[in-house]
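Residue numbers start from 1 in every chain, and the chains themselves are labelled A, B, ... in the order their sequence lines are given, proteins ahead of strands. No experiment lies behind these values; they were computed from the predicted model shown.
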Protein chains: 2
Amino acid sequence: MNTLSYGLLSLLTKHSRTGYELMQHIQPFWQAKHSQIYPLLAQLEQNGYVEFVHVPQSDKPDKKVYSITEKGKEATSLWIAEPTDEPVMRDELALKVYCISLVDKEPALKLLAERKEYYLKKRNRLHLLFDKIKEESGKPLEKLEIHDSQFGPYVLVQKAMMKVDADLSWCEWMKKKLS
Amino acid sequence: MNTLSYGLLSLLTKHSRTGYELMQHIQPFWQAKHSQIYPLLAQLEQNGYVEFVHVPQSDKPDKKVYSITEKGKEATSLWIAEPTDEPVMRDELALKVYCISLVDKEPALKLLAERKEYYLKKRNRLHLLFDKIKEESGKPLEKLEIHDSQFGPYVLVQKAMMKVDADLSWCEWMKKKLS
DNA sequence: CGTAGCATGTAAGCAGTTACATGATTAC
DNA sequence: GTAATCATGTAACTGCTTACATGCTACG
């Protein structure tokens, strides 16, 4: 059981999903390709943490809808209390910025503008997630409390939002520094 | 040539360092173990991007001091202008937070307190980096400009600092939410 | 007397990416 | 027509972590 496996179980505690949906929903918080997720799901199923039903579709390809089992829920609760790995951050831009004095202002500004656009897109996606959570919970976000099912998703998106805002502020700060 | 290899070259544009020092200095921005760095350095040396001198020491183990070559500097400049990989973020805490409604307030607060301590330590280390940069440049940080050697390190530490401050703010926000 | 820091390296294994493989539908 | 979305899977490869290996000095 690696971290991503627990991450998949974590998503499945809210409701059943296909491997494809899991891949999409874990993206903002843990980048994983389908080629990593499908084998892990098969493994989770073999160990009794999840189960699936085969759903044939006519217009789209057939799908497997996975649900978490009791055993899976127990394992997930235990995992939360276990020591947490430190976050891992790998940002090529950071490595480039270290030796930015090698280039002139124009290429440096280009680098920044590209990254700013990436953060703005990410920010938009997070806003959509806020909207979805509001819909699903039927409450204003501020009213959500720990045992509400949507509390976790809400505070997680808030975490991502605060971080992306910090990143955008840095981009603005840098732009001023460079001009 | 992978991203970490360019990262090592990036550090070597400032001054010569040993593999051990490279490992320590790249830590805050790209987590890499010595077992990954040493083979990459050997490879960079074989391809003429870096060279080293063997420095015998009596009290400590002998060391290899690596310097970047002209070829290495050229490659590094070209790399900056190439498309930049999107940042990768893997935070187990984020996955746990998603299903935090499974547990009670106490374990949730414990999780948060542990992470807050981690961020505070990181923040202290970044402050030390600011001090080092100030010393090395001999200027107030705000006076640094793009072609100053210490401009890159300065704005990079600023980036990390703004991010860690956002993370700490989230921890505080969460603590209020949970009490 | 044990632990941390300095300093380098290799080997085995796990995690993650890229590429291969298929195939229908919808939107531009 | 060509790209994107839905949907699953495997194979080969690269990247990264953990463990093995050595050995001296300084600190508590």
Side-chain angles (χ1 to χ4, degrees), chain A residues 1-8 11 16-27 29-47 50 52-66 83-92 95 121 125 128, chain B residues 1-8 11 16-27 29-46 50-66 83-92 95 121 125 128:
Chain A
M1 287 291 289
N2 58 26
T3 309
L4 180 54
S5 298
Y6 281 112
L8 297 172
L11 291 205
S16 305
R17 303 183 215 243
T18 66
Y20 191 83
E21 287 168 334
L22 285 167
M23 177 197 65
Q24 290 182 311
H25 287 92
I26 210 164
Q27 276 309 313
F29 315 107
W30 194 284
Q31 293 74 44
K33 321 274 161 159
H34 70 273
S35 53
Q36 199 184 358
I37 290 173
Y38 289 127
L40 287 181
L41 279 172
Q43 198 188 282
L44 286 170
E45 195 264 336
Q46 278 207 326
N47 294 321
V50 299
F52 69 87
V53 280
H54 196 90
V55 178
Q57 298 184 121
S58 52
D59 53 333
K60 296 176 199 170
D62 298 354
K63 61 186 180 183
K64 289 179 176 178
V65 177
Y66 286 89
T84 309
D85 283 344
E86 293 183 353
V88 172
M89 211 348 181
R90 287 185 221 278
D91 186 355
E92 189 177 19
L95 303 178
K121 273 184 195 157
R125 286 196 294 268
L128 293 178
Chain B
M1 286 293 289
N2 58 24
T3 308
L4 180 54
S5 298
Y6 281 112
L8 297 173
L11 291 203
S16 305
R17 303 184 215 243
T18 66
Y20 192 82
E21 287 169 334
L22 285 166
M23 175 197 68
Q24 290 182 310
H25 287 93
I26 211 163
Q27 276 308 313
F29 316 107
W30 194 286
Q31 292 73 45
K33 320 275 162 159
H34 71 273
S35 53
Q36 198 184 359
I37 290 174
Y38 290 126
L40 287 181
L41 279 173
Q43 199 188 282
L44 286 170
E45 195 265 337
Q46 278 208 326
V50 300
E51 50 195 21
F52 70 87
V53 280
H54 196 90
V55 178
Q57 297 185 122
S58 51
D59 54 333
K60 296 176 200 170
D62 298 354
K63 60 187 181 183
K64 288 179 176 180
V65 177
Y66 285 88
T84 309
D85 283 345
E86 293 183 352
V88 172
M89 210 351 179
R90 287 184 222 279
D91 187 355
E92 190 177 18
L95 303 179
K121 274 183 193 156
R125 286 195 294 267
L128 293 177

inquiry  = Tell me whether Glu92(B) contacts the main-chain N or O of Pro87(A) through its side chain, where contact means a donor paired with an acceptor under 3.5 Å.
reply    = no
key: Glu51(B) (side chain) donor-acceptor with Glu45(B) (main chain) under 3.5 angstrom   = no
inquiry  = For Gln24(A), is there any backbone N or O sitting under 3.5 Å from a side-chain donor or acceptor partner on Gln27(A)?
reply    = no
key: d(CG, Leu8(B); C1', dG15(D)) in whole Å   = 13 Å
Phe52(B) CZ to dG9(C) C1', straight-line distance once rounded to whole Å = 13 Å
query = Is there a donor-acceptor contact under 3.5 Å from the side chain of Arg17(B) to the main chain of Leu11(B)?
reply = yes
query = Under the criterion side-chain contact (heavy atoms from CB on, under 4.5 Å), which of Leu40(A), Leu41(A), Ile37(A) is the partner of Ser5(A)?
reply = Leu40(A)
ask   = Quick one: Ile26(B) CD1 to dC16(D) P, roughly how many Å, whole number?
value = 10 Å
remark   = By ring-ring contact (aromatic ring centres under 6.0 Å, His included), His25(A) pairs with (sequence neighbours left out) none
ask   = Taking atom P of dA7(C) as reference, at what distance in whole Å does atom CG of Leu41(B) sit?
value = 14 Å
note = Comparing Pro39(B) with Glu21(B), nearest DNA chain C nucleotide closer to 5' gives the residue Glu21(B)
inquiry  = Return a single string for nucleotides 15-28 of chain C, one symbol per nucleotide in 5' to 3' order, where B is base contact, S is sugar-phosphate-only contact and - is none, cutoff 4.0 angstrom on heavy atoms.
reply    = SBBBB---B-S---
query = OP1, OP2 of dC6(C) versus side-chain N and O of Tyr20(B): anything below 4.0 Å?
reply = yes
ask   = Can you tell me how far CZ of Arg90(A) sits from OG1 of Thr3(B), rounded to the nearest 0.5 angstrom?
value = 10.0 Å
ask   = Can you check the Lys63(A) NZ to dG9(D) P distance for me, whole Å?
value = 14 Å
request  = In whole angstrom, give the distance that lies between atom CZ of Arg17(A) and atom C1' of dT8(D).
outcome  = 18 Å
query = Looking at Gln57(B), does any N or O in its side chain come under 4.0 Å of the phosphate oxygens OP1/OP2 on dC6(C)?
reply = no
key: Distance in angstrom units between Tyr38(B) OH and dC6(C) P, rounded   = 11 Å
remark   = In whole angstroms, the gap separating P of dA7(D) from NE2 of His54(A) amounts to 12 Å
